[in-house]
2 protein chains.
Amino acid sequence: MLEENTHMCFCPLEGVIDVISKKWALLIVNVIGNYERLRFNKLMQELGYISPKTLSDTLKELQKEGLVKKDTFAEIPPRVEYSLTKDGVELRKAIIPLLKWAATRTNVKKKKCDPACREIPAHRVRLAAPSEKDTMPQTCPKAILKQ
Amino acid sequence: MLEENTHMCFCPLEGVIDVISKKWALLIVNVIGNYERLRFNKLMQELGYISPKTLSDTLKELQKEGLVKKDTFAEIPPRVEYSLTKDGVELRKAIIPLLKWAATRTNVKKKKCDPACREIPAHRVRLAAPSEKDTMPQTCPKAILKQ
DNA sequence: CAGCATCCACATAGATACTG
DNA sequence: CAGTATCTATGTGGATGCTG
């Protein structure tokens with residue numbers, strides 16, 4: 001497999017770098033993964049202060065890239081649910097090391113976990129598989145807050 | 001450590017997301033890591049067709065974020081060398097899973113490794129520690145090209 | 001050699017208002 | 001509920017030409 005090579009290629013990343021570099025993309029992938037399925041307005045709440053336009057645009061991009069799946073139910077009022085594709089789930093796992101790096105690096109000058117940030121559920125990452133009983137923590141884990 | 005938590009926080013990532021989302025940032029971090037030390041013009045060659053302004057801007061951002069270090073030598077003609085800080089080295093490691101994900105995902109629609117890409121050294125990632133004798137491969141590893 | 005200055009084109013995100 | 005339409009502000013990268 002790839003692990004056997006001592007060299008890798010950035011080329012495949014190029015196609016996706018445009019997507020993951022969008023301001024909200026990783027956050028959206030993360031929060032959908034936190035819940036498995038999420039509706040539009042719930043997504044807005046979870047993300048904090050994103051405009052419907054920006055969320056709509058980004059969701060379309062993520063669908064185009066095959067990272068997010070959209071299920072529309074013909075009901076009144078309409079119901080739409082977003083979930084991660086297999087690729088989306090994998091991406092969410094692949095960014096964990098990046099998260100850990102960001103959480104432990106020494107030269108951080110800008111934002112850390114502050115009270116305002118802790119109020120935004122999308123900033124929390126559920127590493128374990130979601131279950132009925134599992135609830136998201138109301139604050140950042142202490143291990144990170146102490147950084 | 002962090003591994004013991006079942007939840008993580010995105011907050012620390014927020015500060016850097018602006019940096020790593022810049023078009024050339026990850027590529028620059030990667031290629032400097034490939035060589036340990038690189039000069040400005042060499043960096044330009046390795047990156048393909050980046051303008052000096054863009055390279056200059058991005059390098060400044062990376063320095064401000066504590067990911068890249070700049071060493072200036074008072075010589076004529078002037079010599080400047082860029083290297084990764086400890087954080088930069090760690091970041092370069094942290095993006096490897098992302099690379100692997102991008103290389104193996106199923107729904108890729110856009111760019112893969114093509115001849116044009118293979119001519120750009122910065123797209124290649126040296127996983128092993130650089131040494132005098134180690135040379136970069138002239139093409140992408142087959143395992144990736146076959147995707 | 002290693003850049004900076006200037007100008008330009010385009011993409012992205014937000015605010016606000018409106019709709020099937 | 002789940003968006004769309006429109007406008008605007010800002011960011012980001014590229015081209016070109018010049019400099020210590």
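By convention in this document, chain letters (A, B, ...) are assigned in the order of the sequence lines, proteins followed by strands, and residues within each chain are numbered from 1. Side-chain atoms are counted along with the backbone in the values below, which use heavy atoms only and exclude waters and symmetry mates.
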Closest to the R39(B) side chain, choosing from dC1(C), dT12(C), dG20(C): dC1(C)
Whole-Å gap separating C1' (dC1(C)) and CD (Q45(B)): 12 Å
Atom-to-atom span, CG of N41(B) to P of dC4(C) - whole angstrom: 13 Å
Interface limits on DNA chain D, where chain A has a heavy atom under 4.0 Å of a nucleotide atom: dC1(D) to dT6(D)
Heavy-atom donor-acceptor pair, Q63(B) side chain to L59(B) backbone, under 3.5 Å: yes
Phosphate contact (dA13(C) OP1 or OP2) by S51(A) side-chain N/O below 4.0 Å: no
Gap between atoms CZ and C1', on F40(A) and dG20(C) respectively (whole Å): 15 Å
Presence of R79(B) side-chain N/O under 4.0 Å of dA2(C) phosphate oxygens OP1/OP2: no
Whole angstrom value for the distance that separates P of dG3(C) from CD1 of I76(B): 16 Å
Sugar-phosphate, base or nothing in reach of Y82(A), heavy atoms under 4.0 Å: sugar-phosphate
Pairwise 5' ranking along DNA chain C for T54(A) and P78(A), keeping only the more 5' one: T54(A)
Test item: W101(B) side-chain N/O and D87(A) main-chain N/O as donor-acceptor pair under 3.5 Å: yes
Interatomic distance where CZ belongs to F73(B) and P belongs to dA2(C) [whole Å]: 11 Å
Atom pair OG1 (T54(A)) and CG (L47(A)), whose distance is rounded to the nearest 0.5 Å: 10.5 Å
Integer-rounded Å distance: dA13(C) C1' and W24(A) CH2: 10 Å
Sugar-phosphate, base or nothing in reach of K60(A), heavy atoms under 4.0 Å: sugar-phosphate
D71(A) bridged to R37(A) by N-O distance under 4.0 Å: yes
Validation row: L84(A), V68(A) side chains within 4.5 angstrom (heavy atoms): yes
Sugar-phosphate, base or nothing in reach of K70(B), heavy atoms under 4.0 Å: sugar-phosphate
Separation of dG3(C) C1' from L43(B) CG (nearest whole Å): 13 Å
Along DNA chain D (nearest heavy atom to each residue), the more 5'-positioned of K42(A) and K53(A): K42(A)
Interatomic distance where CD1 belongs to I50(B) and P belongs to dC4(C) [whole Å]: 13 Å
Side-chain touch E65(B)/T85(B), heavy atoms, less than 4.5 angstrom: no
Separation between CG of L55(B) and CD of E46(B), rounded to the nearest 0.5 Å: 12.0 Å
N or O in side chain of S56(B) less than 4.0 angstrom from dG3(C) OP1/OP2: no
